[in-house]
Colleague: 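After the structure tokens below, expect a handful of questions from me.
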Amino acid sequence: MNTMLRIAVQKSGRLQEKSIKLLSECGLNFSNGTNRLKAVSYNFPAEILFLRDDDIPQYVEDQVADIGIVGENVYAEKGKAVDLVQRLNFAKCRLSIAVPKGTHYSGLADLAGKRIATTYPNIVRKFLSEKGISSDIHEISGSVEIAPGIGLAEAICDIVSTGSTLLSNGLKEVETVMKSEAVMIANPNLDDERQKILDQLIFRIKSVNTARNNKYLLLNAPNSAIEAITAILPGMKSPTITPLGMEGWSSLHSVVNEDDFWDIIDQLKSLGAQGILVIPIEKMII
Ligand code: ATP
Ligand code: ZN
């Protein structure tokens, strides 16, 4: 049988859907059979294993899977012998310390000797010890946000994205311990064949993510404005310019980064651009 790259993906939870979506945008199609433990790609040498995300670093270290997709927070917490090979730009969140709203808080020193409930004891311990603070870390496996209310701890450290869960539990965020996003981890000792498949996959992931951050831009402009417009359009090399049927006008095509997007649109309009169209890019090979 041919070598396959075994990819561990969360079996249910916040990472699952986007992990699968990313792989399918990379051109991996899966047999979506009834067997939810495993799916085989029929057009790329890969097989997906659906596992609990917290177990994935261990499985990758043990070479039950070759690579896996997990939150950076889980990668950091588990401290397994795996490499972070690619950031994936989704599931962005942060791990923060929070205290009850009414608590006076003026800095990390206030946490000395206090009980902190968390599902991430290793990350919190390392963070505090680097700051020279010694607290009493209570590892619990879920519903961390209720710990202060039931008298289990004076503070918590948990995942925050918008902060609404903290608020509804009467807590306020006081320290950011780490920022996190989904990452791809890999066993450091892949054989050559698997390493080659992984390199191919990472190349595709980069193309997908670059495309997501860029838009294809088309516009019409009077020929007198082309020079000024070209100067503000980055393009992959330089914009494509084709004459319009109407005398004295041209159509310009270019690629624009999401970050500069609105700035550039405003400038284009003031330079006389018309009929501006913005189109998503599916893949961008750089
Ligand atoms: P369990 O495994 O017990 O179901 P979990 O917290 O490990 O719980 P999820 O809630 O599915 O599993 O979260 C998986 C990962 O998604 C987290 O490790 C984190 O990296 C990221 N994450 C969690 N909450 C959010 C959020 N609100 N916004 C964005 N990313 C998040
Ligand atoms: Zn989990």
Side-chain angles (χ1 to χ4, degrees), residues 6-25 36-39 48-62 64-65 67-99 116-127 137-150 152-153 155-186 205 208-209 212-213 258:
R6 292 157 305 174
I7 309 173
V9 164
Q10 187 185 33
K11 71 168 182 249
S12 69
R14 284 172 192 275
L15 297 172
Q16 206 237 358
E17 204 185 306
K18 287 196 171 148
S19 303
I20 296 296
K21 184 163 170 267
L22 176 66
L23 294 174
S24 70
E25 284 172 345
R36 290 295 289 153
L37 193 67
K38 223 160 115 170
I48 309 236
L49 308 175
F50 294 98
L51 301 166
R52 189 160 175 253
D53 66 334
D54 309 61
D55 298 333
I56 288 176
Q58 182 72 62
Y59 283 125
V60 172
E61 180 182 291
D62 293 343
V64 173
I67 66 171
I69 297 177
V70 293
E72 195 175 349
N73 51 312
V74 168
Y75 161 74
E77 175 63 24
K78 301 297 176 186
K80 299 293 175 190
V82 298
D83 293 337
L84 193 171
V85 292
Q86 179 66 39
R87 296 181 172 279
L88 300 176
N89 207 23
F90 66 87
K92 291 196 172 166
C93 58
R94 58 194 186 272
L95 203 59
S96 289
I97 295 176
V99 298
I116 305 178
T118 185
T119 45
Y120 299 95
N122 294 324
I123 294 174
V124 181
R125 203 169 286 127
K126 183 159 173 274
F127 173 79
I137 292 160
H138 278 245
E139 178 175 2
I140 56 177
S141 61
S143 304
V144 172
E145 63 285 351
I146 66 164
I150 59 173
L152 185 69
I156 67 159
C157 181
D158 204 5
I159 289 170
V160 181
S161 62
T162 60
S164 60
T165 309
L166 291 182
L167 263 158
S168 64
N169 282 282
L171 301 169
K172 63 176 178 188
E173 191 176 352
V174 293
E175 301 283 347
T176 303
V177 173
M178 80 174 281
K179 290 202 169 121
S180 179
E181 67 185 296
V183 295
M184 180 162 280
I185 56 171
I205 291 173
V208 168
N209 278 338
R212 249 186 226 154
N213 291 332
E258 192 110 74

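These values consider heavy atoms only, across backbone and side chains, with no hydrogens, waters or symmetry-generated copies. None of the values given here were measured: they were computed from a predicted structure. For the single chain, residues carry numbers from 1 onward in sequence order. Atoms within each ligand, like the ligands themselves, are counted from 1 in listed order.
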Colleague: Determine which of the N, O or S atoms in D54 is closest to the Zn ion (ligand 2) and give its atom name.
Modeller: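 In D54, the heteroatom (N, O or S) nearest the Zn ion (ligand 2) is OD1.
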Colleague: Donor-acceptor check, side chain of E77 to backbone of N122, threshold 3.5 angstrom: yes or no?
Modeller: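 Yes; judged by distance alone, with no hydrogens or angles, the pair exists.
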Colleague: At what distance is the nearest protein heavy atom to atom 6 (O) of ligand 1, and which residue and atom is it?
Modeller: Y120 OH, 4.5 Å
Colleague: Just which atoms of ligand 1 are under 4.0 Å from any heavy atom in V74?
Modeller: 18 (O)
Colleague: I'd like to check atom 8 (O) of ligand 1 in this structure: does the protein have a heavy atom lying under 4.0 Å from it?
Modeller: no
Colleague: Are there protein heavy-atom neighbours of atom 28 (N) of ligand 1 below 4.0 Å?
Modeller: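 Yes, because at least one protein heavy atom sits under 4.0 Å from atom 28 (N) of ligand 1.
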Colleague: Are any of the side-chain heavy atoms of F90 and I69 separated by less than 4.5 Å?
Modeller: yes
Colleague: Under 4.0 Å between a Lys/Arg side-chain N and an Asp/Glu carboxylate O for K78 and E61?
Modeller: no
Colleague: Going through the distances and angles, do R6 and Y59 end up as a side chain to side chain contact (heavy atoms under 4.5 Å, CB included)?
Modeller: CA-CA 11 Å; R6 292 157 305 174; Y59 283 125; over 6 Å; no
Colleague: Just one of V85, I56, V74 clears the side chain to side chain contact (heavy atoms under 4.5 Å, CB included) bar with I185, so which one?
Modeller: I56
Colleague: Just distances here: any N/O of R14 and N/O of ligand 1 closer than 3.5 Å?
Modeller: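 Such a contact does occur with ligand 1.
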Colleague: One residue to check: E72. Relative to ligand 1, which of side chain, backbone, both or neither has a non-hydrogen atom less than 4.0 Å away?
Modeller: neither
Colleague: Using a strict cut-off of 4.0 Å, indicate which atoms of ligand 1 neighbour a heavy atom of A91.
Modeller: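 In order of number, 29 (C), 30 (N).
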Colleague: Just let me know how Q10 lines up against ligand 1, side chain, backbone, both or neither, with a heavy-atom cut-off below 4.0 Å.
Modeller: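 The side chain, only.
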Colleague: Do K80 and V60 have side chains that approach each other closer than 4.5 Å (heavy atoms only, starting at C-beta)?
Modeller: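 Of all side-chain heavy-atom pairs linking V60 with K80, none is under 4.5 Å.
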Colleague: To which protein heavy atom is atom 18 (O) of ligand 1 closest, and what is the distance rounded to 0.1 Å?
Modeller: N73 ND2, 3.0 Å
Colleague: State, without any angle test, whether S96 and E173 hold a side-chain donor-acceptor pair at a distance under 3.5 Å.
Modeller: yes
Colleague: As a check for students: among D53, D54, L95, identify the option with a heavy atom nearest to atom 14 (C) of ligand 1.
Modeller: D53
Colleague: Given side chain to side chain contact (heavy atoms under 4.5 Å, CB included), test N89 with E181 step by step and report yes or no.
Modeller: CA-CA 6 Å; N89 207 23; E181 67 185 296; 4.1 Å; yes
Colleague: Could you find the nearest protein heavy atom to atom 21 (C) of ligand 1 and give me its residue, atom name and distance?
Modeller: C93 SG, 4.0 Å
Colleague: Would you name the N/O/S atom of D53 that lies closest to the Zn ion (ligand 2)?
Modeller: OD1
Colleague: Show which atoms of ligand 1 fall inside a sub-4.0 Å distance from at least one heavy-atom site of G71.
Modeller: 20 (O)
Colleague: State the atoms of ligand 1, each with its element, that fall below the 4.0 Å cut-off from a heavy-atom position in R52.
Modeller: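 Result: 2 (O), 3 (O).
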Colleague: Check whether Q10 reaches the backbone of L15 with its side chain - one donor and one acceptor, N or O, closer than 3.5 Å.
Modeller: yes
Colleague: Any heavy-atom pair between the side chains of K11 and R52 that's under 4.5 Å?
Modeller: yes
Colleague: Under a 4.0 angstrom heavy-atom cut-off, which atoms of ligand 1 come close to G13?
Modeller: 11 (O)
Colleague: With heavy-atom distances below 4.5 Å as the criterion, would you say the side chains of V70 and V183 are in contact?
Modeller: yes
Colleague: Using a strict 4.0 Å cut-off to heavy atoms of S161, name the atoms of ligand 1 that fall inside it.
Modeller: 26 (C), 27 (N), 28 (N)
